[in-house]
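Below you'll find the structure, written out as structure tokens, and then a few comments.
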Number of protein chains: 2
Amino acid sequence: MSQVAQSTREPLSNGEAAIRAAAGALFAEKGFEAVSVRMVAEKAGVSKANVFHHFASKEGLYLAVLRSAAEKSTHLLGEVAKASGTHAEQLGRFARGHLENLLEDKHVTRLLLREALEHGSERGRELADQGVGDGFTRLVAMLTEAQRSGELRTDLNPGLVAMLMVAANVFYFEAAPVLRHLPDVGFSDDPQGYSEGVMNILLHGILNKKGNTNE
Amino acid sequence: MSQVAQSTREPLSNGEAAIRAAAGALFAEKGFEAVSVRMVAEKAGVSKANVFHHFASKEGLYLAVLRSAAEKSTHLLGEVAKASGTHAEQLGRFARGHLENLLEDKHVTRLLLREALEHGSERGRELADQGVGDGFTRLVAMLTEAQRSGELRTDLNPGLVAMLMVAANVFYFEAAPVLRHLPDVGFSDDPQGYSEGVMNILLHGILNKKGNTNE
DNA sequence: GTCTATACAGGGATAGAC
DNA sequence: GTCTATCCCTGTATAGAC
């Protein structure tokens, strides 16, 4: 609706970009309804009217933010998969990278999660869906390949395994701040250790194979 | 702030209860800010002013809703654990019951998840924390016991295992509606099958133990 | 306990000068 | 492109009759 990325210098305080950035932070932190255009304008250092000059409506602004968020997310994920090693190693890398990405851009992650939680409003549902869907499909493909090579059990639904891997990461993002206060949780500040532990469990299971039934 | 549960008959349309119920549904669906007192009043079949008669403010109403939500949730979880069988069976029951509970009261679940996602507003954070914290602690205890008996590997952090189990369920709740549209996901309408599959993976791992490297 | 009527603050959005 | 000033609506909350 207005030309962007024409002169690449001064990306931050050139109005539109500043507004988008401010809005992104606020929407991620508080949610759509809790954010007023006035707040966005203040944070961006422009006037309220100026926001409406660049974006047709508050909703349009939100969609723009969501769009760039989704793009960023999928792009980051694309970089992860290309590497060598056993499939198990590759999966581990994927998991670690995925978690890193989630944590690196908390804004984006929060925004996407929040959007996924809203069933009522159709605001940007497809965008969020597509964001996670892409990464998910890639992961499933990787798992299927690992099954075909004989490295993984073939009696498991690869979609289910993928889901478990993603679930572990997403839940870490959501719950680590909460669980930090509990005992028995030593990993809430160590995403890498967490990722390792998770992959260990997923690969080998939690059952004790040594056959001893007591100590 | 006003006496409740005094006469147990007519629980629904006695004003306060109706308001609480309506508010619970709306808050869960749309979030705090997106819900207006007028909407609540309409859905409850009372006047706007009447809502303020029963609850001091919109925030007070929200807290009341959240409180009863948390209570309900923890109570449900308490029922699950008491049963016999191997520890593995018990864990499986726990996981299945937990997921059932999440799905049974989608209102409550959504509400708690949403609250957990807000780091900014301190509205009812402790309540939500305590809700999940309780179930989590119970689960960790169960796992530790299983380790002591020799049934589970002792080189794993039980908190991490617990987290993975909860993560699987929570993520199912969050993502099943989204992932339904994807290929390779056959379980999005079958929570019980999902739960079984997850426990299978957690117990035995995903690696192929048969040693064959191709087909 | 329930209503109607109202106060008043803040929301999104537009007009028009610069 | 950016501002000030303004419009109109809806938000929360209160007053006071029934």
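The sequence lines fix the lettering, A, B, ..., with proteins before strands; numbering per chain opens at 1.
- Between B:N50 and C:dC3, a side-chain N or O to OP1/OP2 separation shorter than 4.0 Å is present.
- Residues satisfying the salt bridge (Lys or Arg N to Asp or Glu O under 4.0 Å) test with B:K43, not counting sequence neighbours, are none.
- Salt-bridge check for A:E33 with A:K58: failed, with every basic side-chain N at 4.0 Å or more from each acidic carboxylate O.
- Look at CD on B:E42: it is 17 Å from P on C:dT2, rounded to the nearest Å.
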Collect all protein-nucleotide pairs involving nucleotides 12-18 of chain D in which both atoms are nitrogen or oxygen and the distance is under 3.5 Å.
from	atom 1	to	atom 2	distance (Å)
D:dT12	OP1	B:V35	O	3.4
D:dT12	OP1	B:V37	N	3.4
D:dT12	OP1	B:K58	NZ	3.1
D:dT12	OP2	B:V37	N	2.8
D:dT12	O4	B:K48	NZ	3.3
D:dA13	OP2	B:K58	N	2.9
D:dA13	N6	B:K48	NZ	3.1

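- Residue A:S47 has its side chain nearest to D:dC3 when only D:dC3, C:dC3, D:dT2 are considered.
- Residues forming a salt bridge (Lys or Arg N to Asp or Glu O under 4.0 Å) with A:R96 (at least two apart in sequence, or on another chain): none.
- Between the CG atom of A:L61 and the P atom of C:dG11 there is a distance of 15 Å, given to the nearest Å.
- Summarising the geometry, the separation between NE2 on B:H54 and P on C:dG1 is reported as 6 Å, rounded to the nearest angstrom.
- Scored by the side-chain hydrogen bond (donor to acceptor under 3.5 Å, both in side chains) test, A:Y62 finds A:E115 as partners (sequence neighbours excluded).
- Scanning for side-chain hydrogen bond (donor to acceptor under 3.5 Å, both in side chains) contacts around B:E42 gives B:R38, with sequence neighbours left out.
- Atom CE in A:M39 sits about 16 Å away from atom P in C:dA13, given to the nearest Å.
- Not counting sequence neighbours, A:R67 has no partner by the side-chain hydrogen bond (donor to acceptor under 3.5 Å, both in side chains) test.
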